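In what follows, a structure is listed as structure tokens, so that the remarks can point back to it.
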2 protein chains.
Amino acid sequence: MGAKVTLKKIAKELGVSTSTVSKALSDSHEISQDTRDKVKAFAKLYNYKPNNLALKLRHQRSMVIGVIIPEIVHHFFSTVISGIESGANKRGYNVMVCFSNESYQKEVLNIEMLAGGSVDGFLVSIAKETQELMDFRHFEELKEEVPLVLFDRVHPKILCDKVVVDDIGGGFKATEHLIKTGCKNVAIITTPDHISVGLERKRGYLKALETYEIEMNKDYIIHVNEKYDIPTQIKKLLELPNVPDGIFAVNEIYAATAMKIAQDKGIQIPDELSIIGFTDGYISQFSNPSLTTLAQHGYEMGEKAIELLLNRIESKVPDVPYTTEIINVELKFGNSTKKIS
Amino acid sequence: MGAKVTLKKIAKELGVSTSTVSKALSDSHEISQDTRDKVKAFAKLYNYKPNNLALKLRHQRSMVIGVIIPEIVHHFFSTVISGIESGANKRGYNVMVCFSNESYQKEVLNIEMLAGGSVDGFLVSIAKETQELMDFRHFEELKEEVPLVLFDRVHPKILCDKVVVDDIGGGFKATEHLIKTGCKNVAIITTPDHISVGLERKRGYLKALETYEIEMNKDYIIHVNEKYDIPTQIKKLLELPNVPDGIFAVNEIYAATAMKIAQDKGIQIPDELSIIGFTDGYISQFSNPSLTTLAQHGYEMGEKAIELLLNRIESKVPDVPYTTEIINVELKFGNSTKKIS
DNA sequence: ATGCTTTACTAAAACGATTTCGTGTTGATA
DNA sequence: TATCAACACGAAATCGTTTTAGTAAAGCAT
């Protein structure tokens, strides 16, 4: 409730001008010590807080960074956000987070809400629906206004700074580890090919097969369509006449689901079936046995992304070429794979 | 990059006044059809987007709600946010989310960032550190400016609308279920008492013991201090001379941790030990066996919270008394407890 | 020709701050 | 005593928008 205290009101009350009040509060030497003290005392008494909007409008910058991520509950994204916040705060910026919920519509809406002066730059991980629709006009319009950096979920058609995980390398490492620990029939559970990270991880998988001279088996490649029941689609893999003895799943959920299904069928993990997931989140940690995964260093990704963005925002030089940073991934051993012999 | 298009620039370019442009764009009948068309065409051509900050400053309202939650990765909070967003969007508001990371400092900072005009109201779940420090001045100051609704983590000293889970009822139901499925020694893994929800859930636990005339055993009450290693503290419970055969944990992590430790010790779940958690998140779902939990209806909580807030914001009547809504909880059966006989 | 109503527009205030440029009063110096 | 600098403050522009109030010009009736 309560009428807000503004500079103008303080000025009127004290019988001085607003400029005097403003300067007094910022300790300008133009104002006598006497007046400064008086103004400050009055401001404190009435709990004066400057209006953020007015400041931002005046300064033409908000010192706020808008972040749009596709999902809320996602350990990986949460670590990325931590990295972003840390980097932003170090340089005096704040962070606001919005969720697209994997929806194109919400992504557009979020951008509209934050654009138009509210934030100085955007950090976005593209929604699945947007990747499928391939409609990137909102990003193009955005780029006219403020800098944009994409992370994790990116697309070659959008020209800007990017930070991605080494998905190909990760897919390779996972598959290689399964092969090296004795798996003869390694399957992959991935997303449809329009999801960039799923496609890249599959490429890594295929590269590993090639490197170890193993023939690709189409039955061993599952593209999960999230519009339908996920367990049903994964179950098919475990009902093949020639059941795989190694599974590389491109995310935690698929990995944990596969493990549950296998266990229900009485398949021993990891003796009869080894499983590797991507993203070392809570699910992997608390599943039983714990999952071997590819740790993604989300914090590092967040730090890198915000660094690129802030450099772009604060840069005087306009034509720095766009870069794409690649964050390394690392095998993190759980108990869902056999020990290397 | 690119210089932004403003009303002023359009006006100058077209040789009319800014007021004409503004009115033309909003289809005012004061402006001739001819001019309207001309202005609109020009605006579209140069992709004019009104400056949000200026609008908010002018209208003295932002149509944005600020949400501050303590943790990012938390299935429960994510469902609450979904409910908040749904309710907000229905009434034309948008939502911005910030994370306090359970830190008092960050909570204060987040409020400062969003206050001062940026948002029309606040929805907050109090950080653990703030609950411990019991310093609520930032909330008091906030209340002078815009309405505040607390959800889930609340405190009696802060007078405002609140929405909480029926924590006492939940604690009671969980404990009762353990007792009814034959557990003789029911333990609780809870938080320190300054965390409101932990305390309430413990109260429910104690009430159930009383109801079923079971004597309280102090060894069976673990207050986890998150400053130290969590598994170590929980392990003590399972190394008691008289090991409990039922555990009620006030959150998923504690429940899953207890289960892992028990399994490592070769204790059979649920035959030798039953476990119930709170919050039906991914961890409960993907743990093996899946956890019996208390589903919290986060979506409903979010809807209720935003409804209270928007009513307060839009209310013409100033002195509506504060209310506290209580959201029901529900037992959701997993395989970590025995079947009722 | 005078008065009245439309029509179609502009000027200016307002939102709440910052900041540049002026300006009147001191006090010191030549 | 005239001149100049320092001091302490105010006026006004500015950020981008909306909105109220005002005003020319045209059309119409008397």
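Just so we're clear, the structure is a prediction, and the values are computed from it rather than from any experiment. Quick note on labels: first sequence line is chain A, next is B, and so on, each numbered from 1.
- Straight-line distance from the CG atom of A:Leu7 to the P atom of D:dG10: 13 Å, rounded to whole Å.
- Residue contacts for A:Thr35: at a heavy-atom cut-off of 4.0 Å it reaches the sugar-phosphate backbone alone, with no base atom in range.
- For A:Val16, whose side chain is taken as the heavy atoms from C-beta onward, the closest listed nucleotide among C:dT10, D:dG10, C:dT19 is D:dG10.
- Both B:Thr20 and B:Gln60 lie close to DNA chain C; mapped to their nearest nucleotides by heavy-atom distance, the more 5′-ward contact belongs to B:Thr20.
- Salt-bridge formation is not detected for the pair A:Glu85/A:Lys90: no Lys NZ or Arg NE/NH1/NH2 atom is positioned less than 4.0 Å from an Asp or Glu carboxylate oxygen.
- Between the NZ atom of A:Lys8 and the P atom of C:dA17 there is a distance of 10 Å, given to the nearest Å.
- For A:Tyr46, the OH atom sits in a loose shell: 12 or fewer heavy atoms of surrounding residues, nucleotides or ligands are nearer than 6.0 Å.
- If you check every strand for non-hydrogen atoms under 4.0 Å, A:Lys9 touches nothing.
- Here A:Tyr48 does not reach the OP1 or OP2 of C:dG16: none of its side-chain N or O atoms lies under 4.0 Å away.
- Taking atom NE2 of A:His59 as the reference point, atom P of D:dC15 lies 13 Å away to the nearest angstrom.
- Distance from the side chain of A:Leu57 is smallest to D:dC15 among C:dA17, D:dC15, C:dC15.
- A salt bridge does not link A:Glu145 to B:Lys49: none of the charged nitrogens lies less than 4.0 Å from a carboxylate oxygen.
- Take the nearest nucleotide of DNA chain D for B:Ser19 and for A:Lys23: the residue whose nucleotide is more 5' is A:Lys23.
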Notebook entry, point to check: Given B:Phe139 and B:His155, is the ring-ring contact (aromatic ring centres under 6.0 Å, His included) satisfied, shown in steps?
Noted result: CA-CA 11 Å; B:Phe139 291 122; B:His155 197 279; 10.0 Å; no

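- Per the geometry, CD belonging to A:Glu30 stands 19 Å off P belonging to C:dT26, to the nearest Å.
- When the C1' atom of D:dC9 is taken as reference, atom CG of A:Leu14 falls 14 Å away, rounded to whole Å.
- Considering only the side chain of B:Leu55, D:dT17 comes nearest among D:dT17, C:dC9, C:dT19.
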